[in-house]
Number of protein chains: 2
Amino acid sequence: MSTTKKGKKIDIQMQTRLEARARIIKALAHPTRLFMVEELSQKERCVSELTEMIGSDVSTVSKHLSVLKNAGIVQDQKKGSQVYYILRMPCIRNFLVTFKSVYMV
Amino acid sequence: MSTTKKGKKIDIQMQTRLEARARIIKALAHPTRLFMVEELSQKERCVSELTEMIGSDVSTVSKHLSVLKNAGIVQDQKKGSQVYYILRMPCIRNFLVTFKSVYMV
DNA sequence: TGGTTATTTGGTAAGATAGCCAAATAGCCA
DNA sequence: TGGCTATTTGGCTATCTTACCAAATAACCA
């Protein structure tokens with residue numbers, strides 16, 4: 001019969017959506033980048049400010065920012081010789097709040 | 001003066017919490033594991049059912065499940081010769097719902 | 001223009017991840 | 001017990017990730 005409880009196989013569209021979600025989640029999956037997202041959800045920060053807070057090499061910080069930018073999570077804006085970053089989707093704060101309430105970490 | 005707008009450096013406790021969050025998020029950061037979490041938030045499934053849906057080698061599926069288990073996201077329960085998995089924190093559904101509403105993917 | 005600061009990019013080495021196959025383990029039942 | 005099914009684990013390889021340093025690029029200002 002056709003009304004069993006068997007789960008459906010993953011189809012192409014589902015696979016595509018899962019990959020899109022995973023790509024974004026993967027961009028969040030690093031302590032430094034989580035910190036950046038939290039910080040940038042409060043106020044914009046330039047690379048050197050973030051570098052000072054984080055304490056890694058500035059090139060490392062810059063690369064983390066580009067990971068977030070490529071995932072569409074933050075955006076940058078040049079101001080003179082500095083580059084300021086800010087959350088592109090402010091509603092991601094809800095996401096993190098939910099996350100913290102779920103996991104209590 | 002001491003009332004500048006400088007951001008604070010990350011302290012040890014903050015670092016520890018960021019790492020804990022990143023560890024959990026990293027466990028979610030794979031299309032197959034996202035699928036598992038969604039599926040297991042609906043109903044429990046055994047390894048062979050998931051394998052059938054996912055279409056990878058059963059050893060690959062088993063390893064993905066152990067990643068989720070080690071992160072505390074799912075738990076397993078033996079029933080005869082089969083191992084059933086289920087979401088350990090059902091509230092993670094909210095997390096995914098929020099995520100999807102934020103990112104629309 | 002030349003020097004200085006801010007940021008990004010290239011290169012590279014160490015470590016982590018993901019997939020498959022093969023082998024080990026566990027439970028079932030004839 | 002022996003054979004079967006379900007699952008996990010070990011081994012291996014290819015690929016990705018991260019961190020740092022060095023070098024390239026961009027903007028400013030003296």
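Below, chain A is the first sequence line, B the second, and so on; all start at residue 1. Quick note: numbers below take in every heavy atom, side chains included, and nothing from hydrogens, waters or symmetry partners.
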| said: Strictly under 4.0 angstrom, non-hydrogen atoms only: write out the protein contact profile of nucleotides 18-30 of chain D, one letter per nucleotide from the 5' end, B, S or -. | reply: SSBBB---SSS--
| task | Calculate the interatomic distance between Tyr84(B) atom OH and dA26(C) atom P; express it in whole Å. | result | 20 Å
| CG of Leu68(B) to CG of Leu34(B): how many Å apart, nearest 0.5 Å? | 9.0 Å
| query | Under 4.0 Å between a side-chain N or O of Tyr85(B) and OP1 or OP2 of dA6(D)? | reply | no
| request: Report the residues that fulfil side-chain contact (heavy atoms from CB on, under 4.5 Å) with Asn70(A), sequence neighbours left out, ordered by chain and then residue number. | output: Ser66(A)
| What does Ser62(A) touch in the nucleic acid at a heavy-atom separation under 4.0 angstrom: a base, only the sugar-phosphate, or nothing? | base
| field | side-chain hydrogen bond (donor to acceptor under 3.5 Å, both in side chains) partners for Ser59(B), two or more places apart | value | Asp57(B)
| said: Give me each pair satisfying salt bridge (Lys or Arg N to Asp or Glu O under 4.0 Å) with a member in residues 18-33 of chain B, each pair once, sequence neighbours excluded. | reply: Glu38(A)-Arg21(B)
| task | Let me know the distance between CD of Glu44(A) and C1' of dT7(C), rounded to the nearest Å. | result | 16 Å
| request: Figure out the CD/P separation between Glu52(B) and dT7(D), and round it to whole Å. | output: 13 Å
| Under 4.0 Å: is that the gap between some side-chain N or O of Ser66(B) and OP1 or OP2 of dT9(D)? | no
| For Gln75(B), what residues pass the side-chain contact (heavy atoms from CB on, under 4.5 Å) criterion, not counting sequence neighbours? | Ile86(B), Arg88(B)
| field | Nearest-Å distance for atom pair CE/P, residues Met36(B) and dT7(D) | value | 12 Å
| query | Using Watson-Crick pairs (N1 to N3, plus N6-O4 or O6-N4) and G-U wobble pairs, both distances under 3.5 Å, which stems of at least 3 pairs involve DNA chain D? | reply | C:1-30 with D:1-30
| said: Please list all pairs meeting salt bridge (Lys or Arg N to Asp or Glu O under 4.0 Å) that have one or both residues in residues 66-84 of chain A, counting only residues at least two apart or in different chains. | reply: Glu44(A)-Lys79(A), Lys69(A)-Asp76(A)
| task | If a pair satisfies ring-ring contact (aromatic ring centres under 6.0 Å, His included) and one of its residues is in residues 17-57 of chain B, list it, with sequence neighbours excluded. | result | His30(B)-His64(B)
| remark: Applying salt bridge (charged side-chain N to carboxylate O under 4.0 Å, His left out) to Lys9(A) and not counting sequence neighbours gives Glu52(B)
| request: Any chance you could measure Met14(A), atom CE, to Lys8(A), atom NZ, to the nearest 0.5 Å? | output: 9.0 Å
| remark: When rounded to whole Å, the CD1 to P distance for the pair Ile54(B) and dT7(D) reads 12 Å
